[in-house]
Amino acid sequence: MKIWKPGEKQRSNTPLVLIYGETNVGKSTSSLASLPEPILDIVTEPRDPEIALRAIGRKVDVTFVMIEDVEEVSDFLGEKSLELKQGKFPYKSILLDSGSYLLNVAMMMKAEAQTAEAGVFKSRQKVGGVVVEKFERPFIDETRLDQSAWGAIGRHMMRITALLGEFARNGVVAVMTALLDKEPKWDKTGRLKAAPAFAGKYYAVNCPSYFDLIGLVTTRTDEKGEVVYPPLVSFGSPNDDFVAKWTGPRVNPVGVLDFKKILAVFRKGEGKEG
């Protein structure tokens with residue numbers, strides 16, 4: 001338990017950020033181009049992350065870590081968090097790219113495999129006078145998830161997000177990327193037209209409380225209608241029709257996805273709270 005009065009506690013000047021948008025809008029490249037260096041990039045997608053560097057046009061001080069098993073993420077972040085506390089973490093930024101693939105593909109595939117192996121959806125059937133356990137619909141039942149599996153997926157993502165938050169609280173800019181989900185099924189109000197693409201309900205509903213900044217990334221065009229980079233990012237939703245969040249001094253919530261500028265605004269007036 002921590003107790004303090006306004007002005008007695010040093011205000012955090014380093015955010016935990018979630019940015020989301022359609023594929024190829026420029027989330028990864030813009031992040032690598034503008035985050036404080038050196039950068040630690042945790043890659044969850046099975047693609048070459050160095051392709052994103054080609055559009056930057058300069059050398060970026062980044063170290064890539066390719067995740068091969070979902071359980072490695074928490075373990076790796078835990079190890080790096082310990083290094084940070086020991087003063088041995090050499091990076092100024094950490095990027096998890098992407099949270100959508102990690103949850104929606106990697107975690108779900110592992111949960112499906114374990115659910116099938118455990119025989120959760122098998123039924124007892126009589127075959128040739130012998131009672132055996134078989135899937136009714138193997139193609140479907142081998143990829144089904146029960147409530148326990150969905151809960152585990154959400155809790156694993158919460159654990160990973162909490163670990164990312166430890167980096168931010170200790171001065172390392174932490175960013176997670178995600179894809180765009182149009183009209184998310186977990187939104188019972190029907191007002192949301194855009195949200196981070198996270199399957200299930202548990203993590204999607206609860207994750208905003210962990211992040212200081214949540215921004216929707218969209219394409220930016222010039223006066224000729226041609227696409228230009230970096231793209232736009234919106235940390236505010238005037239009509240409350242997409243997920244967004246800005247913690248800190250009131251600012252224009254829309255601007256280019258340039259973390260140098262975003263951090264400068266976020267840190268405006270930094271110092272003690274009060």
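- Within the structure, side-chain hydrogen bond (donor to acceptor under 3.5 Å, both in side chains) contacts touching residues 223-240 (residues at least two apart or in different chains) are Ser237-Asp241.
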Check the pair Lys92 / Glu37 against side chain to side chain contact (heavy atoms under 4.5 Å, CB included), numbers first and verdict last. CA-CA 6 Å; Lys92 293 182 179 179; Glu37 300 175 26; over 6 Å; no
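- No more than 12 heavy-atom neighbours from other residues, nucleotides or ligands sit within 6.0 angstrom of CE on Met109.
- For the salt bridge (Lys or Arg N to Asp or Glu O under 4.0 Å) test, no residue two or more places apart in sequence or in another chain qualifies with Glu112.
- In the hydrophobic clustering, Val228 connects to no other residue, as no ILVMFWY side-chain heavy atoms lie under 4.5 Å from its own.
- We find that Lys59 and Glu50 are not joined by a salt bridge, their nearest charged nitrogen and carboxylate oxygen being 4.0 Å or further apart.
- Taking a 6.0 Å sphere around NZ of Lys201, one finds it holds 12 or fewer heavy atoms contributed by other residues, nucleotides or ligands.
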Determine, stepwise, if the pair Trp186 / Val205 fulfils side chain to side chain contact (heavy atoms under 4.5 Å, CB included). CA-CA 8 Å; Trp186 55 262; Val205 170; 3.7 Å; yes
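- The residues Arg169 and Asp212 are annotated as not salt-bridged, no charged nitrogen and carboxylate oxygen being separated by less than 4.0 angstrom.
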Go through the steps to decide whether Thr14 and Arg267 satisfy the test side chain to side chain contact (heavy atoms under 4.5 Å, CB included), and finish with yes or no. CA-CA 8 Å; Thr14 307; Arg267 290 166 173 169; 3.6 Å; yes
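- More than 12 heavy atoms of other residues, nucleotides or ligands shown are found within 6.0 angstrom of CD on Gln86.
- The pair Lys110-Asp69 meets the salt-bridge criterion, since a charged nitrogen lies less than 4.0 angstrom from a carboxylate oxygen.
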Test salt bridge (charged side-chain N to carboxylate O under 4.0 Å, His left out) applied to Lys182 and Glu22, step by step: CA-CA 10 Å; Lys182 297 179 180 179; Glu22 294 183 317; 3.2 Å; yes
